[in-house]
Structures are given as structure tokens and as C-alpha cells.
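What follows is a set of notes on a single structure, which appears directly below.
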Number of protein chains: 2
Amino acid sequence: MAPRNAPRSRRERPAKPALTYDGIVATAVRLMKDEGLRRVTMRRLAQELDTGPASLYVYVANTAELHAAILEELLGAVDLTPVAAPGDWRDRLAGVLGSYTEVLFQHPDLAHSALVARPSGPNYLALVEAVLALLHEGGVPDGQAAWGVDVLLQVATATAAEQSARDRDAAAEDEHLALVAALRAVPAETYPRIAALAGDLVSGTPEQRLAWTFRAVINGARTTARTTD
Amino acid sequence: MAPRNAPRSRRERPAKPALTYDGIVATAVRLMKDEGLRRVTMRRLAQELDTGPASLYVYVANTAELHAAILEELLGAVDLTPVAAPGDWRDRLAGVLGSYTEVLFQHPDLAHSALVARPSGPNYLALVEAVLALLHEGGVPDGQAAWGVDVLLQVATATAAEQSARDRDAAAEDEHLALVAALRAVPAETYPRIAALAGDLVSGTPEQRLAWTFRAVINGARTTARTTD
DNA sequence: ACCTGAACACCGTTCAAGT
DNA sequence: ACCTGAACACCGTTCAAGT
């Protein structure tokens, strides 16, 4: 046992390290990994940093910005090596997008927040750059590449966000099952095409569907001119 | 002035009409149009219905389901007449999708909730049926049409959701401006493609970009086989 | 400049108890 | 079966006052 009244805790563990933006974000990332994004609230985070919630507003404008900062941090894990690897550009682009998707699927609540407040830090920019570089290599015209990168990242993000809601709580899963049931039980007179395609509409894993979607969007972006109409 | 103590209010305005699912949803729709989706909470809605929040849980499983029911209601306003109109199937499909987008842009908070909990009522099914019918008319193979309808509705919904966040609060708009600024100020050595396309990346209105995206996804879905790999 | 206590104005959801 | 009061366990954000 340490002697009583020793000034240890005062000197070795300064109870309150000064607040910094980086420190706040790092704590937020840890909190999210430990307890999920739902618990990364201004109040809970302030508690973790041994302060009051008002103090955080000096560094972060609101909760959405905080969540965007967490995502930006995690985007450092996206594998961008396919950009410089050999092989077909489409496959390598699908690889980068697949890696982005994996990051989102591992922390799926973030995908949801990414749709609302996109990050704009270096890791996000590096991802955009990688996608643009591969579209350029594939000969996709600049204007189409510029708009195409948005669509590609958006479908990946939206798919992860949808999936995340179902993973998180049973109610969202129930609702998805309700949709599947509704599609299968639909009267063929009123909805002939839905009835004809019932099986196809719900087939495949999210990953399989997303892989096809990436290819389809890449092909579409490559071949669809940006006419001003 | 009416005579005092008349039993009027007791007989002519029964203070509490019985709760029903339809009544709850109708009140929720009205409340959203009056005060915005943010105010359509279980507590606020219960107050509007002159009861306690616990009573609503007899009819609605949770807030997400309530919001999905509101959207399903509003989807009745989507214009599906292009399905049976003359003209190029692509243009008519873009028309249906554009009408769906307009509904979402008018009540943009709903778009956000639609990504999490999709509706599965008759209006949503009619929209899916319309898109499938037009893809069928265009000769898009069944499997590709089945997966393509999802992508088309998803990009429309995700675009509206993004836009809604910016319309709603200034903070989200600031964040978007931060991204635009970051894209324009990026060092050309580190991010050569972003620098080269800076103007294109942020050009166009959401409507213009979405119109191109619809065409690109339709083309991609039409030409991209669903190989099992 | 930075930090904070305290307050304002809310939330979703559950559950035992009533009718 | 349906409805409810009351409670549990939280929220985001602001602002005047302190250091």
C-alpha cells in the first residue's frame, strides 16, 4: 500500500489534462469503440474528459461535427494501395471502394452520420483523390469523374447506413422483414413487375449487391455524357 | 357569449376521440407540416392527441416506424403518370424519379429517416412497380432491374437527405462550405486529381447532378451483367 | 481566451396499475 | 384489450459568471 497522504496523484496523474481538439477527438474515438456511437454524446464525452458539456463547445460546433471528426479519423484505415497496384483499373477501384465499405460496416452508425455531415479532412480527401485517379486512369472524362466519385461514395455510405440500422436494433430489422414480406405477398394484378421479380428484389448479400452497384455506376459514369439540358 | 355551464363542449367536441393507427398517422402528418419532423416526437404527438406517450406504443413500435408511416403517406403525391405516357422510357423513368425527389425535397427531414426505415406501404410499392415497369419496357434484364431499382431510389433518397441537413441548420451548411473550401485549397502535389477537377467537383445544382446520376445509373444497370464472381 | 455551473427545454421507452 | 401516470435514464445547447 502506498503511504497515505502522499502527493502522488497530484503530480503523476494530473487529473485534468488541458482540453485540445485532438484530445477530444481521440477520446471520442475510444468511447465509440468501447460503447458505440450512440454513447458519444456531448454530455457523455464531457464526463469522460472530466468536465462539463459546455466546455466542449469551445472546440466542436455540435454533435454532427464531432461524429464527422470520428469518421475522418477512422478513414485512415481505408486501403488505398490498389491505386498504385497493377491490374484492371475497374477491379482496383472496386477494391478501394470495398475497403471504404468495410470500414463503414465495422462502425456502421458512422455511415449514417456521414450522410449528414461529410468529413473534409486529409483522410477523406485522400479517398476522393484515389477514386479520381483510378477514374482518370480508366479514361473517364473529367466532368463525369467529378460527379461520379460522389455517387460511388454515396451508394457505399447509404448502403452501410441502411445495414447499420438493421444491425443495431431489432425494430429496424423487423421493418426490413416487413418490406421483404410485403414484396413477396404483393397481388400480381396490382403490381405485376414486383410479383414477377419477387425473388430477385431481395436476393444477394449487401456485399454482392454493392459490388454489382459499383460496377454498374462505374460503367454508367464512363458512358454517360454530362449534356446541359 | 354562450350561456355558462352549457354542456356544449361535452357533447359537440368529444375531447378524446379513440386512438387509431390512421388517426395517429394523420395527426403526425399534420404536425410535421406545421412544425417540422423534428417536432414529431412520441411525446409531442401524444400531447397533440391529448394523451400520454405510452399510449402510442400500442399502435407504433417506435419513432422510426412513425416517421416511415408519414413518408408512406406523402408518397401518395408522387406522379406515376409517366409510366403510361408516350415517349422515351428513359425520360419517363427520370420523370418518375424526379417526382419522388421533389416530394423528398419538400419534406427533406423525411429523406433522412427513409434511409433508416424504408416504408413498405402501397404508395411505396406503387413507386417500385412504376420503376420496374419502365426498366422492363426498356429491355433491362430482370435481375439487373431488380437490383437497379434499389440503387435509383437510394441515390435520390440519399441526395435529398444530404440536402435536407444543409437546409435545416446552418452548422451543416458550414460543414459543406468547409468541404468546398478544402477541395479548392488542396495542395496540387498531394492531391493532383482533386486540384485538377476542383471546379467540376462542386459544380451544378443538386437537381442537375441528380438528373445526370439517374441517367448514368440507368445506363449502368442496363449494361452491367450480374455475374456471380 | 478558456472554462464551467446551472439552467432551459426537451427526449424514448418501460411498466405496473387501472378501466 | 386498451390506456395511462409516473418514472428511469438520459439528451443538445446556451449563457452569465468566473479564472
Side-chain angles (χ1 to χ4, degrees), chain A residues 14-25 27-28 31-32 34-70 109-110 112-113 116-117 164-166 168-175, chain B residues 14-25 27-28 31-32 34-70 109-110 112-113 116-117 164-166 168-175:
Chain A
K16 304 189 65 176
L19 289 176
T20 62
Y21 179 81
D22 288 348
I24 288 169
V25 173
T27 305
L31 187 58
M32 190 211 53
D34 289 351
E35 308 188 11
L37 190 69
R38 221 179 359 181
R39 299 264 179 249
V40 186
T41 64
M42 295 303 241
R43 291 179 103 106
R44 180 71 184 81
L45 180 58
Q47 185 188 311
E48 202 73 6
L49 289 162
D50 199 18
T51 183
S55 305
L56 302 180
Y57 284 84
V58 177
Y59 302 93
V60 182
N62 53 48
T63 308
E65 194 180 296
L66 177 66
H67 290 179
I70 294 173
D109 289 337
L110 277 176
H112 193 234
S113 86
V116 176
S164 92
R166 298 214 280 276
R168 190 175 43 230
D169 69 304
E173 174 67 21
D174 286 352
E175 214 147 346
Chain B
K16 304 189 62 173
L19 289 177
T20 62
Y21 178 82
D22 288 348
I24 288 169
V25 173
T27 305
L31 186 58
M32 190 210 53
D34 289 351
E35 308 187 13
L37 190 68
R38 220 179 359 182
R39 299 263 179 251
V40 186
T41 63
M42 295 302 242
R43 290 178 102 107
R44 180 73 184 80
L45 180 58
Q47 185 188 312
E48 203 72 6
L49 290 162
D50 198 19
T51 182
S55 306
L56 302 180
Y57 284 86
V58 177
Y59 302 93
V60 181
N62 52 48
T63 308
E65 193 180 298
L66 177 66
H67 290 179
I70 294 173
D109 289 337
L110 277 177
H112 194 232
S113 87
V116 177
S164 91
R166 297 214 280 276
R168 188 176 44 228
D169 70 302
E173 175 66 22
D174 288 352
E175 214 147 349

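Atom pair E65(B):CD and dG12(C):C1' shows a separation of 14 Å (rounding to whole Å applied). One interatomic measurement links the two molecules: CG of D50(B) to P of dC3(D), which rounds to 13 Å at whole-angstrom precision. Atom P of nucleotide dA9(D) and atom CD of E35(A) are separated by 16 Å, given to the nearest angstrom. Rounded to whole Å, the distance from CG on L37(B) to P on dG12(C) is 11 Å. Protein atom CZ of R39(A) is 7 Å distant from nucleotide atom P of dC11(D), rounded to whole Å. The interatomic distance linking E48(B) (CD) with dC11(C) (P) rounds to 12 Å, in whole Å. Between the CG atom of L45(B) and the P atom of dC10(C) there is a distance of 16 Å, given to the nearest Å. As rounded to whole Å, 11 Å separates atom C1' of dT4(D) from atom CG of L19(B).
Note: E48(A) CD to R39(A) CZ = 12.0 Å, rounded to the nearest 0.5 Å. Between atom CG of residue L56(B) and atom OH of residue Y21(B) there is a gap of 12.0 Å, rounded to the nearest 0.5 Å. The distance from atom CD of E65(A) to atom CD1 of I70(A), rounded to the nearest 0.5 Å, is 11.5 Å.
Spacing between dT14(C) and dC3(D) at atom C1', rounded to whole Å, works out to 14 Å. dA17(D) and dC2(C) have their C1' atoms separated by 13 Å, given to the nearest Å. Nucleotides dC8(D) and dC10(C) have their P atoms positioned 22 Å apart, rounded to a whole Å.
Looking only at side-chain heavy atoms (C-beta outward), L45(B) and T27(B) come within less than 4.5 Å of each other. Using a 4.5 Å cut-off on side-chain heavy atoms (C-beta onward), V40(B) and D109(B) make no contact.
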Response to the item:
With B for base contact, S for sugar-phosphate-only contact and - for none (protein heavy atoms under 4.0 Å), nucleotides 13-19 of chain C reads BBB----
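No side-chain donor-acceptor contact under 3.5 Å links Y59(B) to the backbone of I24(B). The backbone N or O of H112(A) sits nowhere less than 3.5 Å from a side-chain atom of H67(A) that would complete a donor-acceptor pair.
The shortest distance between the side-chain N/O atoms of Y59(B) and the OP1/OP2 oxygens of dC3(D) is below 4.0 Å. For S55(B), a side-chain nitrogen or oxygen approaches OP1 or OP2 of dT4(D) to under 4.0 Å.
Looking at the side chain of R44(B), the nearest of the listed nucleotides dC2(D), dC3(C), dC11(C) is dC11(C). Picking from dG12(C), dG12(D), dC3(C) the nucleotide with the shortest atom distance to the side chain of T41(A) gives dG12(D).
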Worksheet item: Using Watson-Crick and G-U wobble pairs with both distances under 3.5 Å, what is the 5'-to-3' dot-bracket string of DNA chain C, with [ ] for crossing pairs and | for pairs outside the strand?
Response: ||.|||||...|||||.||
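Scanning for salt bridge (charged side-chain N to carboxylate O under 4.0 Å, His left out) contacts around D22(A) gives an empty result, with sequence neighbours left out.
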